[in-house]
There are 2 protein chains.
Amino acid sequence: MSLALGVDRSSPVPLYYQLAQQLEAAIERGALTPGSLLGNEIELAARLGLSRPTVRQAIQSLVDKGLLVRRRGVGTQVVHSQVRRPLELSSLYDDLEAAGQRPSSSVLVNTVVPASAEAAAALGVAEGDEVHRVERLRLTHGEPMAYLVNQLPAGLLDLDTGRLEATGLYRLLRSAGITLHSARQSIGARAASAPEAERLGESEGSPLLTMERVTFDDTGRAVEFGTHTYRPSRYSFEFQLLVRS
Amino acid sequence: MSLALGVDRSSPVPLYYQLAQQLEAAIERGALTPGSLLGNEIELAARLGLSRPTVRQAIQSLVDKGLLVRRRGVGTQVVHSQVRRPLELSSLYDDLEAAGQRPSSSVLVNTVVPASAEAAAALGVAEGDEVHRVERLRLTHGEPMAYLVNQLPAGLLDLDTGRLEATGLYRLLRSAGITLHSARQSIGARAASAPEAERLGESEGSPLLTMERVTFDDTGRAVEFGTHTYRPSRYSFEFQLLVRS
DNA sequence: TAGTGGTCTAGACCACGAC
DNA sequence: TCGTGGTCTAGACCACTAT
């Protein structure tokens, strides 16, 4: 079929991005089937009235997403559906978005405290400096799923409980002009201490899944330090990993 | 300083790649310091005798790696060192490379067996079809660290123990003409069963870190299914996560 | 040999951010 | 206002794959 691709040159959306979105939508709805060839770039460019580099940029963005594969001498193919499904490591946005989106997440603690040695090291501030500390309990179906502790340098942004529950940490950070860049994460496991078990409705010594994370903005500042514990019967980290070629 | 950048046009290595490597090396050795501006693209292109798109391609590849940040109206800056350190999720290459590289990893089982329902579903073969099954124990400092079980569709490649220990799964896959594309992973935790505890030198009921993975090649075939258990006192998953912008 | 993607050029204009 | 990166064009030649 002909796919009905076409770009709107009066739109402020970049041409390559428009094309990428249309291709992605076509893949998603099955108009482009797994393994099928996309047709050569020159012809596609001519058909759309675009230059080849622009078409290439669109295709490349989908290759980077893992949706397409290019092979020299063969062409550009749609990857098979089992491969393509999701998504990046969800935990960052998941945890930071949290409140507001999911009614089953509640803010238990929201205060300013002196930084512990651990938090100070993670955030790159001096021990004893003021940091915001937020503790949240995440519930699913009325049962505790995770206990989330986030610490942020004080003065980075307004963090009142109302806005936090309504908007989520991620949007508060964005609206404060902070551009997230990267995060360092560590996922492990350990036996629950008595208070940890109590908080999550487990028994002492039962296994917990743990995640520690430091998030950086694009200036290299640490903007968030999270130490989270999850009930392994109710949560696991699922993600897809693209192989750098 | 002037950085002594320059490209070799007689080399088969793409110009943008040469430049990217030189910039990366300069960042790595500190010749380009965190936060410092790279200078505008046009001037850099002129200095190197390259076109601007080529220079942009080099820079873009480092932006994608998280080493550089671009801001309109400002310029291209080196990311601060704390942000830049590692690496993708290590576990895939780590586990697949395994033998050969690390003398402390031994192959315990290497046979062909009928696929269990679980393995069949993961690999996209019929239940009872033949699959290779490899079980390895990973040691550090003489102590068990992880128990790795990998299953592969039979007939995909030669898998004798000698080659496996000498080369590692990853290279065997590559040398069989298989191009890895992506992997789906799930990380969780659970209490150790008696045999699991035995294998890893833990006690029954103690917490284990678990990882399940299905790896796909660029044709969409599932080429590997791994179910691994780790001693949490000796192993955790460490990785950096770049925020898609 | 024919067809594909991979790389590269030498320009152009625009949008956003800093000042 | 000015400088930066963001986008786009219309070509070119090369390298690899398949047949």
Side-chain angles (χ1 to χ4, degrees), chain A residues 5-21 23 35-64 67-79 174 177-179 181 217-219 244-245, chain B residues 6-21 23 35-64 67-79 177-179 181 217-219 244-245:
Chain A
L5 295 172
V7 296
D8 173 11
R9 301 195 89 99
S10 69
S11 163
V13 177
L15 300 180
Y16 80 90
Y17 194 79
Q18 291 184 39
L19 176 55
Q21 282 188 316
L23 289 174
S36 66
L37 281 254
L38 210 60
N40 74 44
E41 303 173 344
I42 286 101
E43 191 259 350
L44 188 54
R47 180 143 64 92
L48 294 168
L50 296 172
S51 69
R52 187 183 168 206
T54 300
V55 171
R56 274 187 67 80
Q57 191 175 2
I59 292 175
Q60 187 59 48
S61 70
L62 297 184
V63 171
D64 292 342
L67 271 61
L68 298 176
V69 178
R70 291 207 251 219
R71 302 154 170 269
R72 266 201 276 224
V74 178
T76 303
Q77 293 176 302
V78 180
V79 300
R174 277 202 69 78
I178 293 167
T179 305
H181 175 269
D217 72 0
D218 60 0
T219 70
R244 65 186 192 288
S245 57
Chain B
V7 295
D8 172 11
R9 299 197 90 99
S10 70
S11 162
V13 177
L15 301 179
Y16 80 90
Y17 194 79
Q18 291 184 40
L19 177 54
Q21 282 188 317
L23 290 173
S36 67
L37 275 289
L38 210 59
N40 73 44
E41 302 171 343
I42 287 103
E43 189 258 352
L44 188 54
R47 180 144 62 93
L48 295 167
L50 296 173
S51 69
R52 187 183 167 205
T54 300
V55 171
R56 273 187 69 80
Q57 191 176 1
I59 292 175
Q60 186 60 48
S61 70
L62 297 183
V63 171
D64 292 342
L67 270 62
L68 298 176
V69 178
R70 294 208 248 220
R71 306 154 169 268
R72 266 201 278 226
V74 178
T76 303
Q77 291 176 302
V78 179
V79 166
I178 293 168
T179 306
H181 174 268
D217 74 359
D218 62 358
T219 70
R244 64 186 192 286
S245 58

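In what follows, chains carry the letters A, B, and so on, assigned in the order in which the sequence lines appear, proteins first and then strands, with residues in each chain numbered from 1. In this text the structure is predicted, and so the values were computed from the model without any measurement.
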If only side-chain N and O atoms of [X] are considered, is one of them under 4.0 Å from the OP1 or OP2 phosphate oxygen of [N]?
{"X": "B:Thr54", "N": "C:dT7", "answer": "no"}
{"X": "A:Arg70", "N": "C:dT4", "answer": "no"}
{"X": "B:Tyr16", "N": "C:dC8", "answer": "no"}
{"X": "B:Asn40", "N": "D:dG3", "answer": "no"}

Is [X] touching bases, backbone alone, or none of the nucleic acid, heavy atoms closer than 4.0 Å?
{"X": "B:Pro53", "result": "base"}
{"X": "A:Arg71", "result": "sugar-phosphate"}
{"X": "A:Ile42", "result": "nothing"}

To the nearest 10°, give me the bend of the helix from C:dT1-D:dA18 to C:dA18-D:dT1, comparing the axes of its five terminal pairs at either end. 20°
Can you find a heavy atom in the side chain of B:Leu50 that is under 4.5 Å from one in the side chain of B:Arg9? yes
Between B:Gly75 and A:Val55, which is nearer to the 5' end of DNA chain D once each is assigned its nearest nucleotide? B:Gly75
For B:Gln60, what residues pass the side chain to side chain contact (heavy atoms under 4.5 Å, CB included) criterion, not counting sequence neighbours? B:Val63, B:Asp64, B:Arg70
By side chain to side chain contact (heavy atoms under 4.5 Å, CB included), A:Ser36 pairs with (sequence neighbours left out) A:Leu32, A:Thr33, A:Val78
For the pair made of CZ in A:Arg9 and C1' in C:dC14, what is the distance, rounded to whole Å? 14 Å
Residues forming a side chain to side chain donor-acceptor pair (under 3.5 Å) with B:Thr179, sequence neighbours excluded: none
How would you list, by chain and number, every residue that makes a salt bridge (charged side-chain N to carboxylate O under 4.0 Å, His left out) with A:Arg174, sequence neighbours excluded? none
Between the protein and nucleotides 12-15 of chain D, list every N/O to N/O distance that falls short of 3.5 Å.
| from | atom 1 | to | atom 2 | distance (Å) |
| --- | --- | --- | --- | --- |
| D:dA12 | N6 | A:Arg52 | NH1 | 3.2 |

Side-chain (B:Gln18) to main-chain (B:Asp8) donor-acceptor, under 3.5 angstrom: yes
